2 protein chains.
Amino acid sequence: MNSKKILSQYIQNFVEVNEEEVDQFTSCFEEVSIKKRQFIVQPNFIAHHMYYVVKGAFRAYVVTEEGNDHTTSFAIDDWWITDYNSFIYQQPASSFVMALEDSIILRVHFEKQKELKETNHKFETIFRIMAERGLAFSQRRITSNLTLPAERRYDQFMSKYAHVAQRLPQYALASFLGMTPEFLSKVKNDKLRKKS
Amino acid sequence: MNSKKILSQYIQNFVEVNEEEVDQFTSCFEEVSIKKRQFIVQPNFIAHHMYYVVKGAFRAYVVTEEGNDHTTSFAIDDWWITDYNSFIYQQPASSFVMALEDSIILRVHFEKQKELKETNHKFETIFRIMAERGLAFSQRRITSNLTLPAERRYDQFMSKYAHVAQRLPQYALASFLGMTPEFLSKVKNDKLRKKS
DNA sequence: TAACTTCCTTGAAGTAACTTAAGAAAAAAG
DNA sequence: CTTTTTTCTTAAGTTACTTCAAGGAAGTTA
């Protein structure tokens, strides 16, 4: 199935659109192939696009002064990614977004997205729902980070997103969950020992 | 100035609306007075409303099995609050939302908000922008929590939200920043010592 | 199939932040 | 203003997690 068809199915989870609307929506997106380790967003540059991942995997992360990196978000097939803060305010980004696999994305430029939102109430609805769900997800993550110790954050993540974890290097998952890769390794190993 | 006038000014930060639209929008809100320590959201009950704080202060928090509480968000004048996850999915809440002061709020019921979003593109835009900014804020918070040690999280918060901190009990701020009240007390005191 | 490079594991030593407990200060209630 | 309740501070002891360092496994490139 071609990329724009996949995107059109995605938006039909949110609103009912006719053929013309589908075309209008998807025509604002550009398909781009991204090689593993290639960056689509970099610090100090404005994130001009939001990216819909047709196929592949990405990781967004920040690097501290000391050189430690921390995964702020990631995306696999059928998810979105960008430096959201940079994108919506059109200000310089603070994070990298890098491909973890050879990937295919559909990107929409800030101005194009703005036009879409303005021209059709339904398109506005799509982006509203995406933002709402993103916010809800983000708040659940904050709550886990505040309330659960490292091991239980890992358990909770795995119970919901085991299929995602498979496609992430472990250091990326560790820093997403707010722990060092060494500690995650220990957590996983303690689990194996307990079972047997 | 009356509450609905204040709300109407608030929405004019986002969209241009005529008098009729202002009325239509604000008429979906109910003004309610909330006494200090009163709850507007409780765990296991669905959050049927979103709350716009006209005057006052609120704290959202979760309580763990061990009985520790953790501030997930707060709101003072001109901010919004609810259990967002409960509200948008209309599922049982996991947090409390409690008044920290005697407050006046404007609340909108889930169904009313849905109607508003459906009936006028501009109203949809308002809630879209709110969700987008909420998400951006939430992501910045996650990044701070992942990358900064306790003292710097405190500094960063104070540099942006000192006026908010004044109105929060210190234990609420501490748990929002992901540390114990005892530790925040130490952090503040170390700072004073350094200065002199 | 060797030689990098990247990623993961293990363990020892260190530390940032937590827990517990008790008292002081401030705020609220009578 | 006196009492009670709530909030904040201080300090000692503890722990969950980090850092550092080195070796092993797995994937990637020649």
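Each chain gets a letter, A, B and so on, in the order the sequences are listed, and its residues count up from 1. This one's a predicted model, so the numbers in the text were calculated from it and none came from an experiment. Excluded from the calculations below are hydrogen atoms, water molecules and symmetry mates; all remaining heavy atoms, backbone and side chain alike, are included.
- Rounded to whole Å, the distance from CD on B/E101 to P on C/dA28 is 10 Å.
- Both the sub-6.0 Å distance and the 45° axial angle are satisfied by B/R141 relative to the ring of B/F176.
- Rounded to an integer number of Å, the gap from B/L100 CG to C/dA27 P is 15 Å.
- Residue A/K188 places no side-chain N or O under 4.0 Å from the OP1 or OP2 atom of C/dT9.
- For the pair A/I46 and A/F110, the minimum side-chain heavy-atom distance is 4.5 Å or more.
- B/K114 is listed as a side-chain neighbour of B/E118, based on a closest heavy-atom distance under 4.5 Å.
- For the ring-ring contact (aromatic ring centres under 6.0 Å, His included) criterion with B/Y10, the lone passing option out of B/Y52, B/F29, B/F25 is B/Y52.
- Atom CZ of A/R167 and atom C1' of C/dC7 are 19 Å apart (whole Å).
- OP1 or OP2 of C/dT6 has not a single side-chain nitrogen or oxygen of A/Q170 nearer than 4.0 Å.
- The NE2 atom of A/H70 sits 10 Å away from the P atom of D/dT18 (whole-angstrom rounding).
- Side chains of B/Q24 and B/N120: a donor-acceptor N/O pair is absent below 3.5 angstrom, by distance only.
- The distance between atom CD of B/Q166 and atom P of D/dC8, rounded to the nearest whole Å, is 14 Å.
- Under the 4.0 Å criterion applied to side-chain N and carboxylate O atoms, A/K117 and B/E132 are assigned as salt-bridge partners.
- Looking at the side chain of B/Y171, the nearest of the listed nucleotides C/dT6, D/dT9, D/dC8 is D/dC8.
- Distance A/K36 NZ to D/dT29 C1': 13 Å, rounded to the nearest Å.
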- Item | Per-nucleotide protein contact string for nucleotides 16-25 of chain C, where B marks a base within reach and S marks sugar-phosphate only (heavy atoms under 4.0 Å, - for neither) | -BSBBB----

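- Atom P of nucleotide C/dA28 and atom NZ of B/K35 are separated by 13 Å, given to the nearest angstrom.
- More than 12 heavy atoms of other residues, nucleotides or ligands sit less than 6.0 Å from atom CZ of B/F137.
- Rounded to whole angstrom, the span from the CG atom of A/L173 across to the P atom of C/dC7 amounts to 14 Å.
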